[in-house]
Structures are given as C-alpha cells and as structure tokens.
Trainee: 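Take this structure first; my questions come after.
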Amino acid sequence: MIQRNVDPVLHRLQRALETGASREEVSEALAAAESAAEQSGEAFSSLLRYRAEEYVQAERMLERRRLMFAVACVVCLFATVVGAFGLTTLDRMRTLVNHEAEFDKLVAAESWDEASDFLDQLDENTRSEPAFVRGREMVDQAIAREAERKAEFKRLADQMRSSSVTDIDAEDVKRLNTLARSDEERQFASEMLAKVEEQRLQREAARANDQTHAFETLQDKVERFLRVESEELDDDARAARRFELQQELGRFAADHQLGNPELSEAAKQAAKMLAASAQQERKQTDRDKLVQAITRSVGNAQRYRRAIEQFVDDWPRDTLAQRLQRDAPSADAIDATLAWIDVLSHPAYQQPQSADAEMAKAWLATLEHAESLEPEHPLSVPATRWRATYQTLAGCDEAIKELREAFRSPLVNRIYVYPDPSGSVFYSEQAPDPKSPRAHLVSVLLNPSLERETQNFGLRFREEVLPKVALSGHSQFAAKMAPSVTDVTVTDFTPVAYRLISELRSFQSEPEFDPIYRLIWMRRVLEIAVQGSVPIKLAFGDWLESLQASDFDWETNWLTSDPEDVDRLVKVTQARRLLEGVDDWNNRVERMLAEFKAFRSPRPPAPRWIGWVSLDGEYYESVLSETADSDPLVVFPVDSQTGQTKRVDIGAAPTSKPLRVTHPDAQQCGAILCVVSPRSAVSTPSTTRK
C-alpha cells in the first residue's frame, strides 16, 4: 500500500521534468517525492533528485539572464540620448579651440593690428568668452604701448635733426637705439650713434696732440691693464682690451717712428710686454681649464680619473700634477666610496616606510656590491645596521603567503561546536538547520586530518543540543582577523602580525577558543611573524624558542573532548600556562615598537660628492663643483699603505673663498670631498677638524 502511494508522486516529478514545467512546480514535486519516500522508509533515487535540482538551478540562471538583458537595453537607450547632446557641445568646443589657436599665433608674432581685426570679426558669443575678453585687453594695451614708443622715437629724432652734432646727448642716442624697431628707425639710430662716436674720437685726438702726453697716457693704460684690469675682466674682455692697447701702441710707434724714434721704440717695448703677458696668460688659462675639467668631472669617477691623468700628462712639472700623481686615490677606491653613497641614497634606504620585498632585494644587491669593493668603509656602519631588516623584508612575501594559507585552513572556516548532553563537545562544518528533519545527524570532525563520522544526537537534539550550537571560538577569531590578513602587505606586516599575536593571547569568545588549539595557533603565528618581521623577532623570538623547546605534545588531537579524559585536562592546563607564561609583555611591546619606529624613521640625506682636495701654492684647499651652503664637508682620503678609506670632517666651507684643508690626514690631492649630513650616524672612528 505504501509503495502505491509513492509511485504517483514520483510519476508526477518525472512528468514535470519531461514536460518543461515551471521552477516552482518542479520544486513542489521534488519536495513531495522526498516527503513520501521518507514516510515510506524507502530510499529516494539520487539520480532523480540530481535531475530535479539541476533543472531548478537552470531555471534560476535563465531568469537572471532575462533581467540583465532588460537592464542592458535601458542603458543603451540612455547612452544614445546623452551622445546626441554631447556632439553639439563638442562642435562648439572645437570651434573655440581653433579660434584660440589662430589668435595665439597672431599674439606670438606681435601682430597687434591683425589680432585686433581678428577679434572684431568674431561673433558676440565667442568674443564674450573669458579667453578673448582677456585677449582684447592685452591687444589694446600692446597697441597703446606701440603708439607711445613711436611718439617718443619721433620726439627724440626730431630733436636730434634740429641740433648740431656737438649738442647731441649720448644718453639720448642710447635711448633712441633702444626704441628703434623698424629698419628705417634702426638706420637713423645707427647714423646718430656713429656721429656721436665720431665726435668722441675727434675730441680724444684733439687732446692727444702732444706726443709726450699721448705716450704717457698710453703707458698709464698699459700699466693699469697689467696691474688692475687683468684681474677684473673676464677672459674675452681681457683679450679684447689687450688687443686694443696693442693696436694703440702699434699705431703710435708707426706714426712717430721718423719724428720721434725714442718714443716709437718705447711704444714697441710696451707692446712686447703685452704680448709676453698674453703668452703667460694663455699658459695659465690652459692650466686653469684642465683644473676646471677636474672640478666639472666631480660626480663621475671615470671622467674624474681621466681629467686628473690629462692634467698630469700636460703639466708634468707642475707641483699640483706631481702631488696628484703621487697621492690621488685609485679608481677602485673612488668607486668604493661612490658605491656606499649609492647604498645610502637608494630609495629603499631613504624611504624605508614604503620599502617592499623588491625594493629590499635591490638594496641588498647594492649593499653586496659596496661590500665587495670595501667592506670596512666609514659609510658602511649606518647601512649595515639594517641589513637583517632588509633581508627579512626581502623574504616577507613568503611569510605573508604562509599566513594566508593558515587562515584558509578548513579547520577555521566556520566550524560549529555541538555540545553533547553527556558533556562531550563535537566540532562540525555542518551549520545547524532546525528545519531539517535529519538535523540530529551531524558529520563531525574526528581529528586535524579532517576524518569525519556521523554523530546521531537522537531525540534530545532539538531540545538539548540545537539551542546550544554556536560558531567555534577559533572560527570567530579567524573571521575577525581574516580581513587584516587578506590585505596585509610587506610594509604593514609587523603591525598586522603583532595584532594577531595580541588577539590570540587575549581573545574572548563563547564558546571558548580551545586552549590547545589556541597554543598551536600561537606557535604557528609566531613562526611566521619572526620570519617576516625583525621587530617581532626581537620582542617575541625567545618566547617562540621556549614554546618549541617545551615538552608539550603538539600532535595532540584537540578535537576530542571527553570530559573524563584526564590526559586532555592536563594538556589544557599546560597550554594555558604556556599561553599566559610570557613575562614582561609591555616591555616586549615597547622593544618591538622602538625597533619598528627606528627603521621607519626619516633617514639623513645621503652624502653627495661635490668637490676634491687641491693645492694652491703651499696650501691645501677644497675645490667645489657646487655651492655647499652651510653643510659640513667631509674628505675621504685613502691610506697609501693599507688602501683603507678614512673619513675626515673639515667643517663648513666659507662662501667667499675656498676652505683651507689643514688636517694632515685630509691633505691628499685628489681625495674626494662630500657633503655629509650631521644627522648621519657613524659609529666608526672618524678624524675631526682641529
């Protein structure tokens, strides 16, 4: 009789599937078939259930697609309407841009009249645009200025035409030349300038009639040039002035060779004196250019060495060349200092708060290169202080990966606690379902290997078990911390990892986070945290070592909870003791924060190579390629015996003249000279200026 009651229900479900009935009809037929099978005690066909569930799911997907198609149609209609309005606006904007471009060309060519006509031809709406309103003001002002210039030029020109040449003021002629614009105006201004210059020469010639007085005048000029002007004028002006004096002396000698041969010969001797000074000056200029080439090459080790070698080759007898040949640091020594400067100027070092794994790896490679050149360099101390931190940052991505893997464990992903009336506790991935007729049959976890079995809670399930089922304490912890773990990066790994440790230590939940599992988690988080964070290793590394060295059975099956299991109670007590046994927590946190802040604190600017040590006569001095302001200067000489670079602080350079280098250790021609921030921490011995 029961079988006959089931068959019509199954037939109804099959017919609904075959005839393409609605989703609601198939769902109702499936529910009726399952209910009839449960009442009859017969097994319901799993194949028929699978077909029915797939049919219902397919119908849901079809309904969603219809809804998305309708929404897409509305969006397309809206885009069409907005596009039509946008085309009109675009045409207007293009017209304005073209007008502005044409107007800008006229302004750039200073064609003010044409620019004014162009603005007049624009329609009223375009002229009212802010760009053209400002353009009108600019054009009107330019036209007014041009009118003023023409009027002033005409006034001066008329005044000069009506005056004799001797009455023309030279300053007015200069003013006239300044105002001239057109070719005609420039021609007239040039004529006036020539007339004024001619008058000046005539007056000078008149004053030079007395031959003796003329020669004395020339002699005074030569002496002044040699004593004063040579120091005041630049190279071009000095050469022009010398040539001018030589020409005057030559003319004087030629003019008086017959009439006054003694004065003529004296003029020739003065001319020879000027020629000798020119030869000496050319030699000095050539030398100075080679010295300047050394200064200009500061910052590039190869160019610097080549410039020194060029100077030594060209001036082998020069005292500076001999000192450079004897004392100048080798290319390798200079490269070593520059390599350490690269370490201290690297973005990962200068901006530690944003250093990620890739930046840390790049910095470590730069550090290794510098150490391969000179490991004991004076600049190595502030850099190597953070070697371990950068090594940890370089591998932090792996620690982040391991941390995220830990939070993806099935053991923490919404595990529910089912308390049995007998006192035992069961853990299950199955969420409680009060509506299910088989809710009392729960698949529970037997061990951390995720072996499962079905626990039958019996008739007391709904009254005594179901009301007490709750999300496990460790799942609550994982849910709270998962967002931080998901978003963690290398730059904020330390604070996120510390928060995990702190939360694990003090996390409160109902039901309780099992102490054994909490201890297992604490050890795992500490292992990952010290792998990715030096501050955490400094603060909690010894605690991790004590946990690893303890006799706790880390393979304990914490998923079993027999209330009469004395061994489990002992392990729970031991776990709580290990969790709570860490001492001086606040001091540990302070150490962690101090190390974290110290690493991320702003770093002093990296040293900059800006000069070298030269020799001026008998004094050593600093030669700079740029202004050092008030920054302290440091010389990095190289010990000729050991090849070791030293550091000598010589103070700030004065602004008016080169700084004398008086400390014996720094008196090394060719030694490089750097600006080093006073905030740079250098614990190695350094020589200080006395």
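Each residue takes its place number in the sequence, starting with 1. Everything numeric in this text was worked out from a predicted model, so none of it was measured.
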Trainee: So Phe636 and His377, do their side chains get closer than 4.5 Å, heavy atoms only?
Mentor: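 Counting from C-beta outward, His377 and Phe636 do come under 4.5 Å.
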Trainee: Side-chain contact test, heavy atoms from C-beta onward, threshold under 4.5 Å: evaluate it for Val623 versus Pro658 and give yes or no.
Mentor: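 The answer is no, as the side chains (C-beta and beyond) never meet within the 4.5 Å cut-off.
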Trainee: Set out, in order, the CA-CA distance, both residues' side-chain angles and the distance that settles side chain to side chain contact (heavy atoms under 4.5 Å, CB included) for Tyr517 and Phe477, then state yes or no.
Mentor: CA-CA 12 Å; Tyr517 194 34; Phe477 166 77; over 6 Å; no
Trainee: Compare every heavy atom of Ala339 with every heavy atom of His369, then report the nearest pair and how far apart it is.
Mentor: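 Closest heavy-atom pair between His369 and Ala339: CD2-CB, 4.0 Å.
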Trainee: Parallel under 30°, tilted from 30 to 60°, perpendicular over 60°: which one fits the rings of Trp585 and Phe540?
Mentor: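 Judged by the thresholds at 30° and 60°, the geometry between Trp585 and Phe540 is tilted.
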Trainee: Evaluate side chain to side chain contact (heavy atoms under 4.5 Å, CB included) for Ser622 paired with Val613, printing each intermediate quantity in order.
Mentor: CA-CA 5 Å; Ser622 62; Val613 176; 6.0 Å; no
Trainee: Quick check for you: to the nearest 0.5 Å, what is the distance between Leu659 atom CG and Glu621 atom CD?
Mentor: 9.0 Å
Trainee: How long is the span from the CH2 atom in Trp386 to the OG1 atom in Thr392, to the nearest 0.5 Å?
Mentor: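 Going from the CH2 atom of Trp386 to the OG1 atom of Thr392 covers 12.0 Å.
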Trainee: Ignoring hydrogens and angles, tell me if any N or O in the side chain of Arg404 forms a donor-acceptor pair with the backbone of Ala482 under 3.5 Å.
Mentor: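 Not at all, since once roles are kept as given, no pair shorter than 3.5 Å links the two residues.
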Trainee: Would Arg518 pass as a cation-pi partner of Phe507, given that its NZ or CZ must be under 6.0 Å from the six-membered ring centre and within 45 degrees of the axis?
Mentor: no
Trainee: Between Asp584 and Arg588, does any side-chain N to carboxylate O distance fall below 4.0 Å?
Mentor: yes
Trainee: Has Glu248 got more than 12 heavy atoms of other residues, nucleotides or ligands less than 6.0 Å from its CD?
Mentor: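 More than 12 heavy atoms, drawn from other residues, nucleotides or ligands, come within 6.0 Å of this atom.
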Trainee: Side chain to side chain contact (heavy atoms under 4.5 Å, CB included) for Arg387 and Gln391? Distances and angles first, verdict last.
Mentor: CA-CA 6 Å; Arg387 182 201 304 274; Gln391 288 173 336; 3.6 Å; yes
Trainee: Let me know which of Phe493, Phe596, Phe599 forms a side-chain contact (heavy atoms from CB on, under 4.5 Å) with Pro535.
Mentor: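 So the option named by the test is Phe596.
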Trainee: Give a yes or no on whether a salt bridge exists between Arg287 and Asp314, defined as a side-chain N under 4.0 angstrom from a carboxylate O.
Mentor: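 Result for this pair is no, no salt bridge flagged.
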Trainee: How are the rings of Phe311 and Trp315 set relative to one another: parallel (under 30°), tilted (30 to 60°) or perpendicular (over 60°)?
Mentor: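 The arrangement is parallel - the two ring planes meet at less than 30°.
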Trainee: I'd like to know if the side chain of Ser502 and the backbone of Tyr498 have a donor-acceptor N/O pair within less than 3.5 Å.
Mentor: no
Trainee: Using only atom types and a distance under 3.5 Å, with no angle test, would you say the side chain of Gln667 pairs donor to acceptor with the backbone of Val661?
Mentor: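 A pair under 3.5 Å: yes.
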Trainee: Working to the nearest 0.5 Å, report the span between CG of Leu624 and CH2 of Trp609.
Mentor: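 Spacing of CG (Leu624) from CH2 (Trp609) equals 13.0 Å.
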Trainee: Please check: side-chain N/O of Tyr390 versus main-chain N/O of Ala348, any donor-acceptor pairing under 3.5 Å?
Mentor: yes
Trainee: For Ile610, is there any backbone N or O sitting under 3.5 Å from a side-chain donor or acceptor partner on Ser625?
Mentor: yes
Trainee: Has Arg603 got a side-chain atom pairing as donor or acceptor with Arg600's backbone, closer than 3.5 angstrom?
Mentor: no
Trainee: Considering only NZ, NE, NH1 and NH2 on the basic side and carboxylate oxygens on the acidic side, decide whether Glu626 and Arg608 come within less than 4.0 Å.
Mentor: yes
Trainee: Would you compute the distance between atom CG of Leu500 and atom OG of Ser484 and round it to the nearest 0.5 angstrom?
Mentor: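 Those atoms lie 7.0 Å apart.
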Trainee: So, the side chain of Ser550 versus the backbone of Leu547: is there a donor-acceptor pair under 3.5 Å, distance only?
Mentor: yes
Trainee: How far apart are the closest heavy atoms of Gly617 and Leu615, and which atoms are they?
Mentor: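 Of all heavy-atom pairs spanning Gly617 and Leu615, the closest is O-CG, 3.6 Å.
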Trainee: Passes side-chain hydrogen bond (donor to acceptor under 3.5 Å, both in side chains), Arg323 versus Tyr620? Steps please.
Mentor: CA-CA 11 Å; Arg323 296 292 178 86; Tyr620 289 88; 2.7 Å; yes
Trainee: Would Arg306 and Glu309 satisfy salt bridge (charged side-chain N to carboxylate O under 4.0 Å, His left out), going step by step from the backbone distance to the final call?
Mentor: CA-CA 5 Å; Arg306 285 199 299 268; Glu309 291 169 0; over 6 Å; no
Trainee: Only counting residues at least two apart or in another chain, list the ones meeting side-chain hydrogen bond (donor to acceptor under 3.5 Å, both in side chains) with Trp363.
Mentor: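 Result, side-chain hydrogen bond (donor to acceptor under 3.5 Å, both in side chains) vs Trp363: none returned.
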Trainee: Are any side-chain N or O atoms of Ser601 and backbone N or O atoms of Lys597, one a donor and one an acceptor, separated by less than 3.5 Å?
Mentor: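 Flag set: sc Ser601 to bb Lys597 pair under 3.5 Å.
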Trainee: For a quick test of reading the model, state the closest non-hydrogen atom pair linking Ile528 to Ala399 and the distance between them.
Mentor: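 Minimum heavy-atom separation between Ile528 and Ala399: CG2-O, 3.2 Å.
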Trainee: Per the side-chain contact (heavy atoms from CB on, under 4.5 Å) rule, which among Asp335, Val638, Ile308 passes with Pro329?
Mentor: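 When Asp335, Val638, Ile308 are each tested with Pro329, the side-chain contact (heavy atoms from CB on, under 4.5 Å) holds only for Val638.
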Trainee: Looking at Arg385 and Pro382, what are the two nearest heavy atoms and their distance?
Mentor: CB-O, 3.8 Å
Trainee: With a 3.5 Å distance limit and no angle check, can you tell me whether Thr384 reaches the backbone of Ser380 through a side-chain donor-acceptor pair?
Mentor: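 Flag set: sc Thr384 to bb Ser380 pair under 3.5 Å.
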Trainee: Kindly compute the distance separating NZ (Lys289) from CD1 (Ile294), expressed to the nearest 0.5 Å.
Mentor: 15.0 Å
Trainee: Is it true that atom CD of Glu376 has more than 12 heavy atoms of other residues, nucleotides or ligands lying nearer than 6.0 Å?
Mentor: no
Trainee: Is there a side chain to side chain contact (heavy atoms under 4.5 Å, CB included) between Arg524 and Glu402? Walk through the geometry before answering.
Mentor: CA-CA 10 Å; Arg524 182 58 183 146; Glu402 293 182 17; 3.1 Å; yes
Trainee: Of all heavy-atom pairs between Ala370 and Val343, which one has the smallest distance, and what is that distance?
Mentor: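 Reported closest heavy-atom pair: CB-CG2, 3.8 Å.
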Trainee: Flag the pair Gln322 / Asp318 as yes when at least one side-chain heavy-atom distance between them is below 4.5 Å, and no otherwise.
Mentor: no
Trainee: Does any part of the side chain of Leu673, heavy atoms only, come nearer than 4.5 Å to the side chain of Val634, both counted from C-beta?
Mentor: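 Val634 vs Leu673: side chains apart.
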Trainee: How far apart are the closest heavy atoms of Val534 and Ala388, and which atoms are they?
Mentor: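 That would be CG2-O, 3.7 Å.
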Trainee: Using a 3.5 Å distance criterion without hydrogens, assess whether the side chain of Asp649 forms a donor-acceptor pair with backbone atoms of Gly651.
Mentor: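 No, because the side chain of Asp649 does not come within donor-acceptor range (under 3.5 Å) of the backbone of Gly651.
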